[in-house]
Trainee: 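One structure, pasted below without further comment.
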There are 2 protein chains.
Amino acid sequence: MKNTQPPRRTQAERTRASREKIIRSATETFAQKGFRGAKMADIAKAADLTEPGLLHHFPSKTHLLMEVLKERDRVDSERMQVTLQKNGYRFLDAQAELVEHNQTVPGLVQLFNLLVAESISPDHPAHEFFIERYQRERGQCIQAIALAQKNGEVRSDLPAETLVILMFAMMDGLQVQWLMEPDKIDMAGLFRVMMDMLKGKTGQ
Amino acid sequence: MKNTQPPRRTQAERTRASREKIIRSATETFAQKGFRGAKMADIAKAADLTEPGLLHHFPSKTHLLMEVLKERDRVDSERMQVTLQKNGYRFLDAQAELVEHNQTVPGLVQLFNLLVAESISPDHPAHEFFIERYQRERGQCIQAIALAQKNGEVRSDLPAETLVILMFAMMDGLQVQWLMEPDKIDMAGLFRVMMDMLKGKTGQ
DNA sequence: CATAACTTACCTAAGACAAGGTAAGTAAGT
DNA sequence: ACTTACTTACCTTGTCTTAGGTAAGTTATG
């Protein structure tokens, strides 16, 4: 009677599965409570582990947070590539679609929204991470928008840098109101209104 | 030799002075660390008190936070009245001046920015406070903007409600980037660009 | 290919130290 | 005499982390 073999897996498999499960529950918990509010015990329990079991895979809470963030950035940038292609490399349209997608993952939106706010303190573990992230993203988008301006897809009376800052600001700001009252705020629709303004349409 | 009389004050004065000092240091600490990250000990020390000394004036950390927020709202709404008047009740211009003023008080901007993000969690002590606050503010602004639309000061191709949401979103979103890199982001200038868009000027 | 030596993935127990809050008392003001 | 503004000492709880051990999986060797 050797019923003892349902999870007969190789070590590498177990490790990968565990780490994935931890990242998933850490993502959720950080999203709901932020870094400071999240407890290792909660994350561990959600991953069916004890606290030390969790710490075997990630040596500290800070390490865990950074892994969560890096993983998200990896996934998101892949998604962006695909979205860009799908929209014929029209940058503003791709961004609008990103916002639409964000509406399906409120947890992740909240994760970044809260962590960005927390991380403005210089002693926050993700402080550097987010500053670099904004700089990088803005840099890339400026290029894309300058190109779109040349093609006449985007209004040219304002510098690309300005447009990028405004676009990100609108994205972040709409997220706040949407997270507070998801049913009241049509985040993607409102973002498209802004994108239209940046394209040069006034309607007036 | 009765040198012992520098702080010879009446009880009412001492109480008021103490409470003010506490509110001030609590505001700073909450701004830097958020509600969960702020420690009563830090706040107490910054107010030259022991922890129980602080708790004599505010019975709990949560009470203290709520007092801080209410106090801020009181001061800010007074300021808004004055600003509105000064701008001949042109609503968008008054908002732009508010953003300009905000650039002189980064601590307070960070306070609200961080607490709003934290408070999206339903179990946060300020959860209701901020939801009500956004609803109230939006309600008031919709009226003001609808009026401005009738006067031709603001574009009329979009409903007032949309414009209000976009305006607040831009305000919140610019704050994030400005807090991260104050020297790089001209928050007030960029906000005026947005206000111009909402007035109907395209420049294109 | 079998078994010893090692590594990995955990667990229980407990340390270490915050952090919010209470109890009880003192000194000053009314 | 009574209230107010505190203080010191302390309690409780929570939270990240370490110590030390067990059992399963992996590699090296005879």
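Proteins get letters first, then strands, A, B, ... in listed order; numbering begins at 1 in each.
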Trainee: Among residues at least two apart in sequence or on other chains, which ones pass ring-ring contact (aromatic ring centres under 6.0 Å, His included) with B:His57?
Mentor: none
Trainee: Tell me whether the side-chain N/O atoms of B:His57 come closer than 4.0 Å to OP1 or OP2 in D:dC6.
Mentor: yes
Trainee: Show the numbers, then the answer: is there a side-chain contact (heavy atoms from CB on, under 4.5 Å) between A:Arg155 and B:Met197?
Mentor: CA-CA 12 Å; A:Arg155 62 193 288 173; B:Met197 288 190 200; 3.8 Å; yes
Trainee: Can you list everything that forms a side-chain contact (heavy atoms from CB on, under 4.5 Å) with A:Ala126? Sequence neighbours excluded, please.
Mentor: A:Leu65, A:Met66, A:Leu69, A:Ser119, A:His124, A:Phe129, A:Phe130
Trainee: Please state whether the phosphate of D:dT7, meaning OP1 or OP2, lies under 4.0 angstrom from any side-chain nitrogen or oxygen of B:His56.
Mentor: no
Trainee: Reading nucleotides 13-19 of chain D from the 5' end, what letters show protein touch, with B for base, S for backbone sugar-phosphate only, - for no heavy atom under 4.0 Å?
Mentor: --SBBB-
Trainee: Return the value, rounded to whole Å, for the distance between atom CZ of B:Arg19 and atom C1' of D:dT4.
Mentor: 13 Å
Trainee: Kindly write out the residues that satisfy side-chain contact (heavy atoms from CB on, under 4.5 Å) with A:Val105, not counting sequence neighbours, or none if the list is empty.
Mentor: A:His101, A:Asn102, A:Leu108
Trainee: How many whole angstroms separate atom CD1 of B:Ile22 from atom P of C:dG20?
Mentor: 14 Å
Trainee: Identify all side-chain donor-acceptor contacts of residues 86-95 of chain B below 3.5 Å with residues at least two apart in sequence or on another chain.
Mentor:
residue: B:Lys86; atom: NZ; partner: B:Glu97; partner atom: OE2; Å: 2.7
residue: B:Asn87; atom: ND2; partner: B:Thr83; partner atom: O; Å: 2.9
residue: B:Asn87; atom: ND2; partner: B:Glu97; partner atom: OE1; Å: 2.8
residue: B:Arg90; atom: NE; partner: B:Asp93; partner atom: OD2; Å: 2.7
residue: B:Asp93; atom: OD1; partner: B:Lys199; partner atom: NZ; Å: 2.9

Trainee: Going by the rule side-chain hydrogen bond (donor to acceptor under 3.5 Å, both in side chains), which residues pair with B:Arg36 if we only count those two or more places apart in sequence or in a different chain?
Mentor: none
Trainee: Grab the CG-C1' distance between B:Leu54 and D:dT8 for me, whole Å please.
Mentor: 16 Å
Trainee: Nearest-Å distance, CG (B:Leu65) to P (C:dG20)?
Mentor: 13 Å
Trainee: Round to a whole Å and report the spacing from CZ of B:Arg14 to C1' of D:dC6.
Mentor: 7 Å
Trainee: Roughly, in whole Å, what's the span from CZ in A:Arg16 to C1' in D:dG25?
Mentor: 17 Å
Trainee: On the nucleotide D:dT8, are OP1 or OP2 found under 4.0 Å from the side-chain N or O atoms that B:Thr50 carries?
Mentor: no
